[in-house]
Each structure stands twice: as C-alpha cells, then as structure tokens.
Amino acid sequence: MNTDATNQSGKADILIKWVIFTAAITGLALLSAFYPVEGNVPCIVIPCILVLLFAKPVFFERLKLSTLLTMRILIVFAALNFFNPQVYVDIIMLMLIVNILEATFTDLLRHKRYCNAITGFVLAFAVVTLRGLWQFEAPFGKYYLAEGVVPAVTVCFVAAYTLWNWIFVTNEFSDSVALMHVGFLLAPILGSLCTLEMGVYGGLGMWLLLRANSLAIGGWMQIGAKSWFEREYHSARFAKFVLWTKQKHIQIVLMLINLALLGCAIYLTFSNGGIRFAFSPFFLN
C-alpha cells in the first residue's frame, strides 16, 4: 500500500515538473519571438554562450546549439535593420533543411534507424512547402511567420516534423530526455495556439520561430542541467513506452504516417501554385 502511494506520488511529481518546465519554455519562447532584442538576448543568446563555454555538451548538442545560437544572434541584427530582415527569414528556411539533414544522417549512420531517416529526407525536401515572411506590418513585435500556401500544408508539416523529431530524440538520448523533449515539441504548438487571436499575424505560422526558440531554450537547459533532468524525469512507464515505439513494425507505421502527411503537404502545395520563393535584396530600400 505504501509502495503504491509512493509510486503515485513519484508520478505526480514528474508530471508537475514537466508541466512547469513546458509552460516556462512556452512563455520564454513567445517572449523571445516577439522581442528578438529585449527577450531573445537574455533568454537565449547569453545562456547559450555560457553553456557552450562552461558545460560539456556532446558533439551533436554542441553543433545544434551553436547553429541555433548563430541564428538567434542574426535575428538581433535583422530586427535592428542592419540588413533586410526578409533575408534572415530566407536563411532560416535553408538552416531548417540543414538541421533536419544533420539529424537524419545521425539516424542513418549512427543509429541505423532507416525508417526515420527516410522520413527525414522527405521532410527536408518538404521545407519548400513553407514560405517564411518577415512581418513588417505586424501591430507589435518584430518577427516572422512561416506558412504553407493553405493552412492544411502547415498543419501537415508541423505534425510530421513533431513526430519525426521525437523519434530521433528517442534514438539519440535517454528516455528521461525523450520525456523532456515532449515539452520541447509541444511548446511551439501551444505557443502558436496562444497567438490565434492575432489572426493573420499569429497562429501556426508562429510555429517555426517558436520551435527555434524553444529548442534553444530547452537546449541550454538540458545541457546545463543534464544530470538533474536524467534523474528527475526518469519514469519506468515512459521508458517502457519508448522501448515499444522502437519496435520495427511500429517504426514502419510511424514512417508511413509521416510520409502520408508530407505527401499531402507537397500535393497541396503544387496544387495551389507550387513553390513560393523570391530572392530578397540584402538591404532595405
């Protein structure tokens, strides 16, 4: 009886920590999104630099965090109009492809997870279904949106990316970190839902910016306090669930779901005018 009570208390404790952690990342990601100088610098840029200098990230963590940090620094210059902010958004779309391929080759070459690698390659191509635009006319804040030609394209891409990325995390990290990354991946979706009332200036178009922010914020937290998260987020039940998802037939099913989502996004894009991209001048007129 006491053992059952202890187990229930432990589960509740993990849930509370996870909810607080996810809520904090969501709030900080939103703050950093709308205020790339006032919010982004103290919440992302400075902590990332400190973690890279004084923590001990593994190669993939260092590479990912360095990439995110570089883009978080560049957005400061874009927001201050040192160059055309739309150029920054175009670079972001390219970096999204690069980051997806980084993880995809890790799945392919290190973990031999061929199903998720196939999804990753298709996902990298499917980035062309999104168009990122700096919101020069936004009523407040300095930020960009990234959306498909129709809302369903954005929904399909976000769903496929979220599922693909979580599978990658279960291959790369422990079950404790995988649980933490559920919060990482939910944060940009929750943040996007919080901005729905902004109409054309909010909604799921915020997802990519919030994803970059939440990943950077969660990244420096994870690296800086890795042992704490490993200990405090361990759940035997969740570990069993992760192990279940790694079965070959489950991986195949998840791959097919992702490919269907991405196929839908690609089909809808080319059925509604195709790829929307135009080179932007480096400086504003």
Side-chain angles (χ1 to χ4, degrees), residues 14 16-80 82 85 88-89 91-92 95-96 98-100 102-103 106 141-144 146 162 165-166 168-169 172-174 176-192 194-195 206-233:
I14 293 173
I16 291 170
K17 290 173 184 175
W18 180 86
V19 169
I20 293 173
F21 173 75
T22 303
I25 288 182
T26 302
L28 292 174
L30 280 166
L31 178 66
S32 301
F34 288 114
Y35 302 102
V37 179
E38 301 89 343
N40 173 59
V41 172
C43 293
I44 299 179
V45 174
I46 294 175
C48 282
I49 292 173
L50 292 176
V51 165
L52 287 171
L53 288 176
F54 299 108
K56 296 179 179 179
V58 300
F59 172 76
F60 182 82
E61 291 173 333
R62 182 177 295 277
L63 178 64
K64 182 69 71 174
L65 194 60
S66 297
T67 302
L68 291 166
L69 172 61
T70 300
M71 301 314 295
R72 296 305 93 202
I73 292 174
L74 284 179
I75 200 172
V76 173
F77 296 137
L80 294 175
F82 284 15
Y88 170 81
V89 183
I91 295 173
I92 276 289
M95 292 308 300
L96 176 59
V98 171
N99 282 323
I100 291 172
E102 285 176 356
T106 301
K142 296 180 179 180
Y143 62 101
Y144 65 87
T162 301
N165 192 262
W166 188 78
F168 164 76
V169 168
E172 182 72 6
F173 302 109
S174 68
S176 298
V177 175
L179 176 58
M180 184 172 58
H181 272 263
V182 175
F184 283 6
L185 290 163
L186 276 180
I189 297 174
L190 295 173
S192 296
C194 290
T195 66
M206 291 285 298
W207 173 81
L208 181 58
L209 175 55
L210 293 174
R211 171 57 182 160
N213 287 352
S214 61
L215 184 59
I217 294 166
W220 67 254
M221 287 183 179
Q222 174 187 329
I223 297 169
K226 186 180 299 184
S227 59
W228 185 89
F229 282 112
E230 291 280 5
R231 181 179 67 254
E232 299 297 326
Y233 276 56

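By convention here, the first residue in the shown sequence is residue 1.
Taking CD of Gln222 as the reference point, atom CG of Leu215 lies at 9.0 Å (rounded to 0.5 Å). Interatomic distance, Arg62 CZ to Leu69 CG, rounded to the nearest 0.5 Å: 11.5 Å. Considering CD1 of Ile223 and SG of Cys48, their distance stands at 8.0 Å, rounded to 0.5 Å. Rounding to the nearest 0.5 angstrom, the gap separating the CG atom in Asn40 from the NZ atom in Lys142 is 13.0 Å. Rounded to the nearest 0.5 angstrom, Asn213 CG and Tyr143 OH are separated by 13.5 Å. A distance of 11.0 Å separates OH of Tyr35 from CG of Leu30, quoted to the nearest 0.5 Å.
In this structure, the side chains of Met206 and Phe34 come closer than 4.5 Å at one or more pairs of heavy atoms. Looking only at side-chain heavy atoms (C-beta outward), Ile92 and Leu96 stay at 4.5 Å or farther from each other. Between Ile75 and Tyr88, the closest side-chain pair of non-hydrogen atoms falls below 4.5 Å. Between Ile44 and Leu68 there is no side-chain heavy-atom pair separated by less than 4.5 Å. Looking at Pro57 and Val51, their side chains never come closer than 4.5 Å, going by heavy atoms from C-beta outward. At least one side-chain heavy atom of Ile189 sits less than 4.5 Å from a side-chain heavy atom of Trp207. No side-chain heavy atom of Met221 sits less than 4.5 Å from a side-chain heavy atom of Met180.
When all heavy atoms of Leu208 and Ala146 are compared, the closest pair comes out as CD2-CB, 3.8 Å. When all heavy atoms are compared, the tightest approach of Leu210 to Ala33 is CD2-CB, 3.8 Å. Ser176 and Glu230 make their closest contact through OG-O, 3.0 Å (heavy atoms, listed as atom of the first residue, atom of the second, distance). Residue Lys56 comes nearest to Lys226 through the heavy atom pair O-NZ, 4.5 Å, listed as atom of the first residue, atom of the second, then distance. Closest heavy-atom contact between Glu232 and Ile14: O-CG1, 3.6 Å. Minimum interatomic distance between Ala78 and Pro85 (heavy atoms only, all atoms of both residues): O-CG, 3.3 Å.
Relative ring orientation between Phe21 and Phe184 is described as tilted, the plane-to-plane angle lying within the 30° to 60° band.
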Audit row: Thr106, Glu102, side chain to side chain contact (heavy atoms under 4.5 Å, CB included) steps and yes/no: CA-CA 6 Å; Thr106 301; Glu102 285 176 356; 5.5 Å; no

Pair Leu185-Arg211, side chain to side chain contact (heavy atoms under 4.5 Å, CB included): steps then yes or no: CA-CA 7 Å; Leu185 290 163; Arg211 171 57 182 160; 3.6 Å; yes

Full working for side chain to side chain contact (heavy atoms under 4.5 Å, CB included) between Thr67 and Asn99: CA-CA 8 Å; Thr67 302; Asn99 282 323; 3.6 Å; yes

Derivation of the side chain to side chain contact (heavy atoms under 4.5 Å, CB included) call for Leu74 and Met95: CA-CA 12 Å; Leu74 284 179; Met95 292 308 300; over 6 Å; no

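Between the side chain of Ser32 and the main chain of Ala29, no donor-acceptor pair closer than 3.5 Å is present. Side-chain N or O atoms of Trp220 include none that pairs as donor or acceptor with a backbone N or O of Val45 at under 3.5 Å.
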